[in-house]
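Structure first, commentary second.
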Amino acid sequence: MNKQLLFVKRPTGKAEADTWNLVENPIPEIGDGDILIKQHYISLDPAMRGWMNNAKSYIAPMEIGSVMRAGSVGEVVRSNNKKFKVGDFVAGTGGVQQYTATDGQGYYPVDPKLAPLPTYIGTLGMTGMTAYFGITEVGQIKAGDVVLVSGAAGAVGSVVGQVAKIKGCTVVGIAGGAEKCAYVVNELGFDACIDYKNENVASRFKEECPKGIDVYFDNVGGDILDIALTRLKRHARIVICGAISQYNNKTAVKGPSNYLALLVSRATMQGMVVFDYADRYKEGAMQLGAWMAQGKLKSKEAVYEGIENFPQTFDRLFSGEKLGKLVLKVIED
Ligand code: NAP
């Protein structure tokens, strides 16, 4: 049988357990040109909360009754498609289910001998591509820049900061709690980390970035973005990657009241969507993989188990109770 998590109710505010319904259906048959994938891991992403809204975005909203959309990695167990053979491992958007039948469009091969499977939906997958292209192409970092990164202990932020360090920048992270901040500095090699849950962010920005910042990579939006705007150097770049502090809002998104700092600093604030770099993912993965092999880049995944535990695992994105890329193992051994 195939356990599947269906999206059954659009949430207002935080997604509660009744947003989804776990069902069991027969493992699908495959047609001509199709493959059957036994999914091992699925990716949990803050963006999933946005996909639940019936609103215009960079991707169509999820339909009620559909399998919950998710990135995934798994093994081809049946194939009627010459491009894939049984035993291949592939990554794609297979959804929160144990098996998926597909014509293979959007799936690409991965090698579990080179890296553990969860890494292919983390640092070597969409998450890593967001970080790499976001900070290099949109952030336009160069050696000597002062770079500020929020969500610094998370999937994207941890890679952003490490890439900026590799490129010769001074990097200050922002994360929730002393333990995460210690991890960001001691394990990931950031120069400093501000604990936004327990410290005064505005005064700590002044201490850690006395001359201001060249680049702010924003994963959280809200008050932290507003404070960062007050610390810009001339021609600073702000990369709008995400705004997790706003995703569960029942009221309007809180926009930055300090936006005129962009004028004063001749700065730019630019949004980015990782899909725009799809034709360069190979280049990004090769570079990140090379840095991992050289011991310059650490990849961390927080792997939880059990498709039935999806709702409480998803909550961890918002409570922050996890370190690195959040992954759920959906296959039963
Ligand atoms: P993540 O950082 O691994 O997990 C989310 C983290 O956000 C949590 O661990 C938590 O860390 C922090 N957080 C939660 N609520 C917060 C709040 N109210 N204020 C401040 N921090 C809060 O997630 P991710 O996958 O790497 O995604 C990070 C951001 O990138 C998200 O905004 C996501 O939507 C965005 N993203 C954008 C693209 C794109 O193409 N634009 C692609 C992927 C991801 P603490 O414990 O430190 O609070």
Notebook entry, point to check: Who passes ring pair (Phe, Tyr, Trp, His ring centres under 6.0 Å) against Tyr58, sequence neighbours left out?
Noted result: Phe275

Note to self: Can a side-chain donor-acceptor contact be found between Ser319 and Glu321 if the only test is distance below 3.5 angstrom?
What the structure shows: yes

Next item on the list: Can you measure from OG (Ser43) to CE (Met126) and round to the nearest 0.5 angstrom?
Entry: 5.5 Å

Next item on the list: Determine the minimum heavy-atom distance between Leu124 and Ala285, stating which atoms define it.
Entry: CD2-O, 3.8 Å

Next item on the list: Would you give the length of the straight line joining atom CG of Leu6 to atom OG1 of Thr19, rounded to the nearest 0.5 angstrom?
Entry: 12.5 Å

Item checked: Path from Trp51 to Met272 over hydrophobic side-chain contacts below 4.5 Å -> yes

Checklist line | side chain to side chain contact (heavy atoms under 4.5 Å, CB included) partners of Ala293, counting only residues at least two apart | finding: none

Notebook entry, point to check: Does Asn186 reach the main-chain N or O of Tyr183 with its side chain, forming a donor-acceptor pair under 3.5 Å?
Noted result: no

Note to self: Between Asn2 and Ile27 (side chain of the first, backbone of the second, donor and acceptor by atom type, cut-off under 3.5 Å), is there such a pair?
What the structure shows: no

Notebook entry, point to check: Do Lys254 and Asp223 sit within salt-bridge range, that is, some charged N less than 4.0 Å from a carboxylate O?
Noted result: yes

Next item on the list: May I ask you to check whether Phe7 and Trp20 place their ring centers less than 6.0 Å from one another?
Entry: no

Margin query: Walk me through whether Asp315 and Lys14 qualify under salt bridge (Lys or Arg N to Asp or Glu O under 4.0 Å).
Written below: CA-CA 9 Å; Asp315 274 354; Lys14 186 174 169 291; 3.3 Å; yes

Check: Is it true that a side-chain atom of Arg237 and a backbone atom of His235 form a donor plus acceptor pair closer than 3.5 Å?
Finding: yes

Margin query: I'd like to know whether Glu137 forms a salt bridge (Lys or Arg N to Asp or Glu O under 4.0 Å) with Arg280, so could you lay out the CA-CA distance, the side-chain angles of the two residues, the decisive distance to 0.1 Å, and finally the verdict.
Written below: CA-CA 12 Å; Glu137 294 290 325; Arg280 294 179 61 193; 3.2 Å; yes

Note to self: Using side-chain heavy atoms (C-beta onward) and a distance below 4.5 Å, is Ser72 in contact with Gln97?
What the structure shows: no

Notebook entry, point to check: When rounded to the nearest 0.5 angstrom, what distance separates CG in Asn309 from CG in Leu5?
Noted result: 11.0 Å

Next item on the list: To the nearest 0.5 Å, tell me how far Leu117 CG sits from Phe89 CZ.
Entry: 5.5 Å

Margin query: I need the minimum non-hydrogen distance between Ala15 and Met52, along with the two atoms involved.
Written below: CB-SD, 4.1 Å

Check: Under a 4.5 Å side-chain heavy-atom rule over Ile, Leu, Val, Met, Phe, Trp and Tyr, are Leu297 and Val184 clustered together?
Finding: yes

Item checked: No-hydrogen, no-angle side-chain donor-acceptor test under 3.5 Å, Gln4 and Asn25 -> yes

Check: Hey, quick one: are Val110 and Val86 part of the same hydrophobic cluster, counting side-chain heavy atoms closer than 4.5 Å, chains of contacts allowed?
Finding: no

Next item on the list: Find out if a path of hydrophobic residues (ILVMFWY) with successive side-chain heavy-atom gaps under 4.5 Å connects Val96 to Ile331.
Entry: no

Note to self: Hydrogens and angles aside, do Tyr216 and Ser150 bring a side-chain donor and acceptor to less than 3.5 Å of each other?
What the structure shows: yes

Margin query: Once you measure the plane-to-plane angle for Phe133 and Tyr277, does it fall in the parallel (<30°), tilted (30-60°) or perpendicular (>60°) bin?
Written below: parallel

Check: How close do Ser158 and Gly154 get, heavy atom to heavy atom, and via which atoms?
Finding: OG-O, 2.6 Å

Note to self: Please give me the minimum heavy-atom distance between Ile244 and Leu317, naming the atom from each residue.
What the structure shows: CD1-O, 3.5 Å

Check: Is there a chain of hydrophobic side chains (I, L, V, M, F, W, Y, each step under 4.5 Å between heavy atoms) that links Ile238 to Val273?
Finding: yes

Check: Roughly how far, to the nearest 0.5 Å, is CG of Leu188 from NZ of Lys165?
Finding: 12.0 Å

Note to self: Using a strict threshold of under 4.0 Å (side-chain N to carboxylate O), is an ion pair present between Glu187 and Lys300?
What the structure shows: no

Check: Could you give the distance from CD1 (Ile227) to CG (Asn258), rounded to the nearest 0.5 Å?
Finding: 9.0 Å

Item checked: Closest contact, heavy atoms only, Met1 versus Gln98 -> O-OE1, 4.0 Å

Note to self: For a salt bridge (Lys or Arg N to Asp or Glu O under 4.0 Å) check, start with the C-alpha distance between Arg204 and Glu199, then their side-chain angles and the critical distance, and finish with the verdict.
What the structure shows: CA-CA 7 Å; Arg204 291 284 285 117; Glu199 296 183 311; 3.2 Å; yes

Note to self: Please tell me whether Asp226 and Ser257 have a donor and an acceptor in their side chains that are separated by less than 3.5 angstrom.
What the structure shows: yes

Checklist line | Electrostatic pair Glu301-Lys325, nearest N-O below 4.0 angstrom | finding: no

Check: Please walk me through it: do Lys180 and Asp195 pass salt bridge (Lys or Arg N to Asp or Glu O under 4.0 Å)?
Finding: CA-CA 8 Å; Lys180 280 196 178 179; Asp195 172 3; over 6 Å; no

